[in-house]
Each structure stands twice: as structure tokens, then as C-alpha cells.
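Sequence lines set the chain letters: A, B, ... in the order given, protein chains first and strands last, and positions in each chain run from 1.
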There are 2 protein chains.
Amino acid sequence: MNQSKILKDLISDNLVSDPNGARGRLLKEAARLFRDKGYERTTVRDLAAAVGIQSGSLFHHFRTKEEILKAVMVETIRLNTALMQAAVDAAPTSQEKLRALVRAELESVNGQTGEAMAVLVFEWRSLAEESQADVLELRDIYEKLWLDTLESLRQEGRLLADPFVVRRMLTGALSWTVTWYRPERGGLTLDGLTDQTMAMMGFAPGA
Amino acid sequence: MNQSKILKDLISDNLVSDPNGARGRLLKEAARLFRDKGYERTTVRDLAAAVGIQSGSLFHHFRTKEEILKAVMVETIRLNTALMQAAVDAAPTSQEKLRALVRAELESVNGQTGEAMAVLVFEWRSLAEESQADVLELRDIYEKLWLDTLESLRQEGRLLADPFVVRRMLTGALSWTVTWYRPERGGLTLDGLTDQTMAMMGFAPGA
DNA sequence: CAATACCAAGCAAGCGCTTGGTTTGTAAAC
DNA sequence: GTTTACAAACCAAGCGCTTGCTTGGTATTG
């Protein structure tokens, strides 16, 4: 199952918005603005201007500004859970599953959905506590993918550290790439960056 | 040279504010508030109330709110550069130097100066661009400590990945601990967490 | 008696959001 | 194939509130 097929399925199930529709376009622009300027510094007037409507008209689609932030996060997490699930299923061994997860997360963070993923990481505090709980529930689903894979490696003796700790370290390390990784300069590709991440943990490429 | 000696030297050189003075107390409270609520959500009235003065009186000590943010960052980076320098100097081998750096950064992030370090990481965007340049200059000094150490390990064949990439991965991973590491629960000490970090990279403890 | 530290009051600007009314898309009714 | 009906999408205006910061004056300190 390829990536665009996964996206289409989610759209037809109403789990993520069609990026060509009004709602989807707004969420895309919102993600970009929230990442670039931060949620607090982005005004509803900025958001409205980005999609060419008046600020008041936003509230026809969303009840509050915070609902926009939550929608960005929820839809992003849904899409990426599906992508990661597919990546894991396609890989045969534990080490290859880990590589697939690292690669998928790097792509989430630095690719198409990068803006939204950055928002998920850096604008967490701006979500109301009640909304945080809802999003956390979704996040647990895909955290399990990581933990199962890391647990297998641990049992195979190929990982020295605690899977829980490693997952959290990787969350930080991979998310942080959004602040410095620029594929257009330096010649480091996403595959190259994936190899470097694996190498950092002592996994030689192709082994 | 122990930690409180280092702090005292910096204070007498006017490089960091005495935490008992008016300015130092404000910066400490500011760091806490900025970490807890974010820079934008923290008002000058919040800051003033935290040290028991009127909001207008803040501007007797600082010209703008942003100047407070910058001061938090600059003083934190100065202190931690000095602490890291001491930690590296005290360790004999490359691996022990790396362990000392990891340990020192974990302590910066999760210990006394943790609030300010979290601000340095997560409130970066709220700094005006001009201020960012000033702080970046200071940061380069202590980044060099890391790169020199990682470069040595690389040449010894004990590190498979590129030092630049590893340092950035570690920046993310270690900073991120501030969002989940709670020494009071779970029984994982800072030393334990340091061991886990080293183990993740394939360095067994005490080797 | 000067400098430093502070207070009380408030201003101008910007914020999220509301309101009442108009346009646009769609599809059944005639 | 034009008319009617109606909801969805949007605009223009602005309200009530909060924001960072200023001002003019008063204690406090060496």
C-alpha cells in the first residue's frame, strides 16, 4: 500500500481533510504559520489572510483558534500512524523495521507533513489540557509500533539500552532534525540521515 | 574547580547575575514562567507578580520584555559553557569526556538551570533575529567542546557516524528529556540516564 | 541630596471572537 | 429551463478585553 493510497483512504473515511478542500487548505496554511511564527504569534487575521478570507469567516469553519491547532495535530498524527504502520509491516527483520520507522519519522518531520509535525512537537503547550488528553490517546497507538520493534531488538541482544528510554531519545533526536536538516544544502539525503541515525546506535548499514 | 566556585567567578566577572540580587531573582522567575507557559503566554504582569513588584517597575531593570528573554538565554549559556569546559577537562579519555558532556548536559537540562535551558531550546523563535545572532555566537563556543570530543572518538574507530550529525542528534535527544524525565518517579537517576544514553550508542558502562 | 528602586494610573494597539447581513452553490418544484 | 427555496460560505464592522510599555510622582538608600 503506497503513501497516496493511504492518504486517500483516510480522506474517504473522514479521518483527515482533503488538502484541496477549504478546510484542508486552511489546516495546511495553519501548520505552516504555526511552525514559522508559533501558535501564539499567529493571529486569526494571519490565518484568514493566508487562505484569502476575512478573519471572522474563520469561525464559520472552526469554533475557536485552538480548535484549528488541535485539528492540525489530530490529522497529522492519524496520517503518520497509518504511514508508520505500513512501513513496519513491509519490513521483515527487527533491524529493518527500526530503520523503516526512523526513515518514516524523518520523512514525516522533514517532508510534506513536516510543518504539521513540527507543530505537534513544539506547540504542545498551547493546547488546552483537555485537548492534550485526546491527542495523547492517538499518539500512544503509534508509540506502540516503536516499542514493539525496540523490544525485539533488545531481546535479540542488539540493543543495550532500555526500549522506553531509547524511544524517547529518538523522539527528541529525530524531531530536532527539523531545526537543522536542510537536504538542499550539504548533500545529506533522507536515506543518508537514516543511515547516520542507525550508525549512531551502532547499526552498520546493510547489516 | 567545583560548580559553585565556577558560578561565583562568573558572578564577580558580571557575566551572570547573582541569583540573590533583584535582577537574578527576576531572571530565575522569568525562566520558570517562560518554561511553564511559554514566552508569549507570559505577561509582564505575571513576571512582576512573581517577584512582588508592579508591572511597570520591570522596565526600570529591562528596556523590553524581549530583553528579559535574551538575558535568561545569555546567562544560561555562559554558565553551562563554563560547567561543560570543567567537565571535559576533568575527564582523561575520549569516552569519559563524552560521558562527562552527556552527564553535564542532562544536569543542565534537568537540574538547577533546567528551566532556563528549556527556555533556550523551546523559546528560540521568540527572540528577535538580531538577538538570535548574539546568542548563536555564544553557543558555538560550547558546541566545539562536543565536536572535538566526538571527533576523537571517530578517529579511534569507536563512533561510526558523523560527529556533526551525532552532536545534533544528541542535542535533540538530551533536550527532549526535559519533557519526560522525572527523577522523583521511576527510580532512574541522572547517572542512570547517562548510562542509558551511552548504551544507546553502544558504549557499555565502565568500558 | 542625589541616585536608585519602585508605585499608581493609564494609553495605544492588537487580540480572539461576535454580529447582522449578503453572496454563492445546489437541487427540487413548477 | 426558469423559478424558488435554503443552507453553506463569506463580508464589514466592531466589541470587550489584554497586551507591552509610558508617565509623573514617591519612597528608600548610601
For [X] and [Y], does a side-chain donor sit closer than 3.5 Å to a side-chain acceptor?
X: A:Ser55; Y: A:Arg45; answer: no
X: A:Thr194; Y: A:Arg103; answer: no
X: A:Glu67; Y: A:Thr64; answer: no

### Qualifying residue for side chain to side chain donor-acceptor pair (under 3.5 Å) with B:Thr93, from B:Gln95, B:Glu96, B:Lys97
B:Glu96
Round to the nearest Å and state the distance from [X] atom [atom1] to [N] atom [atom2].
X: A:Lys37; N: C:dG14; atom1: NZ; atom2: P; value: 12 Å
X: A:Glu67; N: C:dG16; atom1: CD; atom2: C1'; value: 14 Å
X: A:Gln54; N: C:dG16; atom1: CD; atom2: P; value: 15 Å

### Query
Taking 4.0 angstrom as the limit, do B:Arg125 and A:Glu123 come out as a salt bridge?
yes
### Query
Can B:Asp46 and B:Lys37 be counted as an ion pair, charged N to O under 4.0 angstrom?
yes
### Query
Can you give one letter per nucleotide of nucleotides 17-28 of chain D, 5' to 3': B if a protein heavy atom sits under 4.0 Å from the base, S if only from the sugar-phosphate, - if neither?
--BBBB------
### Message
Taking 4.0 Å as the cut-off, does a side-chain nitrogen or oxygen of A:His60 come that near to OP1 or OP2 on D:dC11?
### Response
no
#### Entry: Close residues, residues 13-27 of chain B, relative to DNA chain C [heavy-atom separation under 4.0 Å]
none
### Message
Before you tell me yes or no, could you show the steps for A:Glu29 and A:Arg23 under salt bridge (Lys or Arg N to Asp or Glu O under 4.0 Å), namely the whole-Å CA-CA distance, both residues' side-chain angles and the distance that decides it to 0.1 Å?
### Response
CA-CA 10 Å; A:Glu29 290 298 322; A:Arg23 183 185 158 98; over 6 Å; no
### Message
Over 60° means perpendicular and under 30° means parallel, so tell me whether B:Tyr39 and B:Phe34 are parallel, tilted or perpendicular.
### Response
perpendicular
